[in-house]
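Chain identifiers are assigned alphabetically (A, B, ...) following the order of the sequence lines, protein sequences preceding nucleic acid strands; residue numbering begins at 1 within each chain. These numbers were taken from a predicted model, which means no experiment stands behind them.
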Amino acid sequence: MTSELFIQYLMAGITYGSIYAIVAIGFNIIYNTTGIINFAQGEFVMLGGMLSITFLQYLPLPLAILLAVVVTMGIGAAIEMLFIRWLVNPGILRMIIITIGISILIREAALHVWGANVRSLPYFFGNEISTIAIFGARVSPQVLWVVGTCSLMVVALNIFFQATSIGREMRACAANRIAAVLCGIDTRNMVTLSFVLSAGIGALAGAVMSPITYTQYDNGTGLAIKGFTVAILGGLGNSLGAVAGGLLLGIIEAFSVSVVPLAFQDAIAIAILLVILFVRPHGLFGSSAMAGLKEF
Amino acid sequence: MAMSQNFGKNLVFLPIVAAVILIQLLTAWTGSVYYLTQLTMSAYYSLLIVGLCVLMGYAGQISLGHAGFFAIGGYLSAALTTRNLSPYSGQLPVRLLDSLGCLHAGQDLYGDPLLVVTPWVACIIAILVALAIAFILGIPVLKLKGHYLAMATLGFGIIIYRIALASSYFGEADGISGVPGFALLPGLLVSGDKAYRVSNYYIAWTVLLLAMLLLRHLINSRVGRALRAIHGSPEAADAMGVDTARFKLKTFMLSAVFSALAGVLLTHYNGGIGPSEASVMKSVRYVAIVAVGGMANIWGALAMGMVLNFLSLRGFFGTYDDAVFGLILITIMLFAPNGILSLQVRGLWRQRGLFRRKKPAVKEA
């Protein structure tokens, strides 16, 4: 393999990997505050892309994306308030089934609104064939948009969780819910906020990736399962682990193209998921003792 | 004594058998025999669903990959009974199968020699493969709980779907068509041909009711009690000496066999199978039906399996087919996590003392 080709694959891997990382962080945010894995996480990404494409007919690109993100956040909040908020101590099986049901409803609604056609946003700069050179490899400028936006989101989320008081309240809620209530934190609002946040970052990722990966009503399931793989790889609830896991999975997938037929690419991610679940369910970076305290 | 007791317990089946016969007579009388086609298909789907019900409701293990087992059964029997082996007729495995009488020689549409596996052998191979995969998959998967278990089984389902969709042996996106009928006994052919409609309706229901009989005995046996104990608290069951891992695995394998059998029979009945049968949405649909039926209630699963599949197959939900199942899932889980039968009706019955179990008569000394 030539070094140019190597870098080409690497860049492709990093691009997809940063999307997976964002989906995984979306899983983590909700998991941390509620203990729920939101199976509809991939649908937020799809909605972000689809809504941006629709709004672009009436608004300039930045505003269209902004509006799409805000609307998806609203949908996230609505889901939490309609389906999650008033359930008293629901079992995990029940929550799994409810969020799967939500993902089906969103997907079917998208099918009826947007049809089964593959759509995409235009490239933010240039077009399909414009490229820039990085270490001898040619990549689309959109790749920089994806990687840049995703990195920015990770940094912003870290600042939010470390430095703002709402972020700290959310972390307190994650660490110990009852103690958080005793400190006067409204944990219910924190749960709503976690849905809003993960819907927002998912939608933004969905919009910036749309020119490269295209958007279709049923994108969500595949993204959700890969995002989940990444979340497990990095250790459930660990956002920096998710970034590492995302890049790892993206790069493995990108390089596997040269060995395995494209049709089986999804199967690779899932095979990794199964192996990780069987061998190290606490993730590559987590400790099994910590995982023992959590309830999956 | 034991005989008569068992006989009394199985009286439950009488009204169902009566209803099955009544429906057939009714369709014959009103000239709407075509309903039997969907009722037959629903019965095969229900076979999968009652198996999944025991896994989910009694052993407490969710599976989002049962369409995968259905597809293993359906695809293997379809491929084995249609793919021509005559180019390989000189090779040892084929010669061996032939000498054992497992192969059927005929002619294809163009009069060329066609050498395929007979349906019975294909069916047995398909079920053994499903059993083996359930065994190999079940050992690590059933150690997982909650979200991890759901995701792992979902992943298994997607892998099967991908394999069906991407390999030319299984017909890629077109699936496999032209699957011959399956002669269970001489004269009893599982086939979608109009002439066999009534007999196939009874074949499907016989298989389904035999499965129910088996499950009922299982649930009321030592195994069933062990499963309920596992569902209630795996740790406590473990402490009482129940081999939880083994029971979970056995139930998983049993439900996989039910699914594969449903796949085999329905594929012969439909004359083909396509990749949509392996899709995640199908697995989710089966889980939805089990949930609506009340999780730990094989009769509820049977009833809902028949009603919802029949409506869906008749095109009652139109383009909202999948959306309807999503909505059903959410509604049931939000308002009636114990199934639709647990709603008001049951409360009403209980109030009026109709649903109360008879207490065993204790003789005063």
Rounded to the nearest 0.5 Å, the CD1 atom of A:I225 sits from the CG atom of B:L154 at a distance of 4.0 Å
Which residue out of B:M281, B:M295, B:K143 racks up the most heavy-atom pairs below 4.5 Å with chain A?
B:M281
With a 3.5 Å cut-off and sequence neighbours excluded, list the donor-acceptor pairs that the side chains of residues 247-255 of chain A form with protein atoms.
from	atom 1	to	atom 2	distance (Å)
A:E253	OE1	A:Y20	OH	2.8
A:E253	OE2	A:K226	NZ	3.2

In this structure, are over 12 heavy atoms from other groups packed under 6.0 Å from B:Y169 atom OH?
yes
Pairwise distance CZ(A:F228) to OH(B:Y148) - rounded to 0.5 angstrom
6.0 Å
At under 4.5 Å between heavy atoms, what parts of residues 62-74 of chain B are in contact with chain A? List them by residue number.
B:I62, B:L64
Taken to the nearest 0.5 Å, the spacing of A:I98 CD1 from B:I332 CD1 works out to 11.0 Å
Side chain from CB out, backbone as N, CA, C, O: work out which of these in A:L87 comes under 4.5 Å of a heavy atom of chain B, or both, or neither.
side chain
Less than 4.5 Å to any heavy atom of chain B: does that hold for the side chain of A:I232, its backbone, both, or neither?
side chain
Contact winner vs chain B - A:V279, A:T99, A:T229, A:I97, heavy-atom pairs under 4.5 Å
A:I97
By side-chain hydrogen bond (donor to acceptor under 3.5 Å, both in side chains) - contacts of B:S42 (at least two apart):
none
Can you tell which part of A:L105 gets under 4.5 Å to a heavy atom of chain B, answering side chain, backbone, both or neither?
side chain
Rounded to the nearest 0.5 Å, what separation is found between the CG atom of A:L274 and the OG1 atom of B:T153?
9.5 Å
If you look at every heavy atom in B:A150 and A:I96, which pair is closest and at what distance?
CB-CD1, 3.9 Å
Interface moiety of A:L273 toward chain B, non-hydrogen atoms closer than 4.5 Å:
side chain
With under 30° as parallel and over 60° as perpendicular, where do the rings of A:H112 and B:Y320 fit, or are they tilted in between?
parallel
Determine whether B:V287 and A:I100 satisfy the following criterion, side chain to side chain contact (heavy atoms under 4.5 Å, CB included), listing intermediate values before the conclusion.
CA-CA 10 Å; B:V287 171; A:I100 287 176; over 6 Å; no
Nearest heavy-atom approach of B:A152 to A:L277 is CB-CD1, 3.7 Å
Options B:T331, B:V324, B:V141, ranked by heavy-atom pairs under 4.5 Å with chain A, top entry
B:V141
Heaviest contributor of heavy-atom pairs below 4.5 Å to chain A, chosen from B:V280, B:L137, B:L144, is B:L144
Taking atom CG of A:N38 and atom NE2 of B:H147, what is their separation to the nearest 0.5 Å?
9.5 Å
Which atoms of B:T319 come close to chain A, meaning under 4.5 Å heavy atom to heavy atom: side chain ones, backbone ones, both, or neither?
both
Can you tell me how far apart CD1 (A:I270) and CZ (B:R162) are? Round to the nearest 0.5 Å.
7.5 Å
List the residues meeting side-chain hydrogen bond (donor to acceptor under 3.5 Å, both in side chains) with A:T221, not counting sequence neighbours, and say none if there are none.
A:R107
